[in-house]
Amino acid sequence: VHGEYRHLMAHAGIAWDLGVADKGIYVLEDGDVLEISESEAGVVGSVPADPVYLDNSLILEAGSPVLDDRQSLANYGVVTVVITVDQSQRKLIDNPKVLSSGFMGINETQLVFSTLGAQVKESFSMEGDLWDDLEIMKSKLKEIVREYLFSKTRRQPIIIPIIKKI
């Protein structure tokens, strides 16, 4: 017994057509409990049987945050934004660097990313409070990038903000 539900149904159909048994062909779903005695068999209940995913030695259950992240990466890609800051002068050094994988094609991203850099610089020049705390700065950078990319592309990639201090 193996395969997806449709395979199991096909196997049962073959067994039925070949006359393997006039009764007693059971196609079970995950968690079904089949009780078998000498005189009869039947489904008598079920047990929890949620999917479990294996990734080498890592066991992941359905609904795991790791699986959710992987699904987001598969659907929307990832965008990494790197900025270099001089905290004492409260300014960005150089233009933001934007990299992506699985987000959009290279031709599409060139235009969006070039204007994204300008948006980041403008937003950071107007924000006075965020310069004192790198975590607040990262959070703000992520928010700026998320809002900008969604407004331009209607996509929501995973955003990784990186801030280098000098």
Discussion item. Run the side-chain contact (heavy atoms from CB on, under 4.5 Å) test on T84 and I166 for me, step by step, so that the C-alpha distance in whole Å, both residues' side-chain angles and the decisive distance to 0.1 Å come before the verdict.
Written reply: CA-CA 7 Å; T84 305; I166 61 164; 3.7 Å; yes
Fill in: Flag side-chain contact, heavy atom, 4.5 Å: L28 against V43
yes
Practice prompt. State whether the side chain of D69 and the backbone N or O of V66 hold a donor-acceptor pair below 3.5 Å, judged by distance alone.
Written response: no
Worksheet item: Counting heavy atoms not belonging to Y76, are there more than 12 under 6.0 Å from its OH?
Response: no
Worksheet, complete the sentence: Separation between CD (Q110) and OG1 (T115), nearest 0.5 Å, reads 12.0 Å
Discussion item. Assess the residue pair F113 and S100 against the criterion (side-chain contact (heavy atoms from CB on, under 4.5 Å)); give the C-alpha distance rounded to whole Å, side-chain angles, the decisive distance to 0.1 Å, and a yes or no.
Written reply: CA-CA 10 Å; F113 288 174; S100 70; 3.7 Å; yes
Response to the item:
By side chain to side chain donor-acceptor pair (under 3.5 Å), K97 pairs with (sequence neighbours left out) D94
Fill in: Beyond-backbone contact of N107 with T109, side-chain heavy atoms, under 4.5 angstrom
no
Discussion item. Tell me if a side-chain donor or acceptor on Y26 pairs with a main-chain N or O of A12 at a distance below 3.5 Å.
Written reply: no
Worksheet entry | Gap between atom CG of L67 and atom OG of S72 - 0.5 Å precision | 11.0 Å
Discussion item. If I compare all heavy atoms of P161 with all of K142, which pair ends up nearest, and what's the gap?
Written reply: CG-CB, 4.2 Å
Worksheet item: For the atom pair CD1 (I163) and CD (E135), what is the distance rounded to the nearest 0.5 Å?
Response: 8.0 Å
Fill in: Short side-chain donor-acceptor distance under 3.5 Å, S123 and Y148
no
Practice prompt. Indicate if V98 and I158 have the same hydrophobic cluster label, given that clusters are the connected sets of ILVMFWY residues with side-chain heavy-atom separations under 4.5 angstrom.
Written response: no
Worksheet item: How far does CD1 of I25 sit from NE2 of H11, to the nearest 0.5 angstrom?
Response: 12.5 Å
Discussion item. Taking L149 as the starting point, is it possible to reach V78 by hopping between hydrophobic residues whose side chains are less than 4.5 Å apart?
Written reply: no
Worksheet item: Which atoms form the tightest heavy-atom contact between V79 and P157, and what is the distance?
Response: CG2-CG, 3.7 Å
Fill in: Non-neighbouring partners of E40 that pass side chain to side chain donor-acceptor pair (under 3.5 Å), sequence neighbours left out
none
Discussion item. Is there a side-chain contact between V120 and V145 in this structure, where contact means two heavy atoms from C-beta onward sitting under 4.5 Å apart?
Written reply: yes
Discussion item. List the residues meeting side chain to side chain donor-acceptor pair (under 3.5 Å) with N95, not counting sequence neighbours, and say none if there are none.
Written reply: K121
Worksheet item: Are R146 and E143 ion-paired here, with the side-chain N under 4.0 Å from a carboxylate O?
Response: no
Discussion item. Grouping I, L, V, M, F, W and Y whenever their side-chain heavy atoms are under 4.5 Å apart, do V85 and V82 come out in a common cluster?
Written reply: no
Worksheet item: Can I83 and L141 be said to form a side-chain contact (heavy atoms from CB on, under 4.5 Å), step by step?
Response: CA-CA 9 Å; I83 61 173; L141 177 58; 4.0 Å; yes
Item to complete: Apply the test side-chain contact (heavy atoms from CB on, under 4.5 Å) to residues L134 and I136: give CA-CA distance (whole Å), side-chain angles for both, the deciding distance (0.1 Å), then the verdict.
Response: CA-CA 5 Å; L134 280 178; I136 292 173; over 6 Å; no
Discussion item. Could you check whether atom CG of L18 has more than 12 heavy atoms from other residues, nucleotides or ligands sitting under 6.0 Å from it?
Written reply: yes
Discussion item. Could you see if L92 belongs to whatever hydrophobic cluster contains L116? Use Ile, Leu, Val, Met, Phe, Trp, Tyr and a side-chain cutoff under 4.5 Å.
Written reply: yes
Discussion item. Measuring from atom CG of D68 to atom CZ of R70, what distance do you get when rounded to the nearest 0.5 angstrom?
Written reply: 11.5 Å
Discussion item. In the structure I gave you, are the side-chain heavy atoms of F103 and R155 within less than 4.5 Å of one another anywhere?
Written reply: yes
Worksheet item: Quick one: CD on E147 to NZ on K152, what's the gap to the nearest 0.5 Å?
Response: 13.0 Å
Worksheet entry | Same apolar cluster (I L V M F W Y, side chains within < 4.5 Å links), I14/V20 | yes
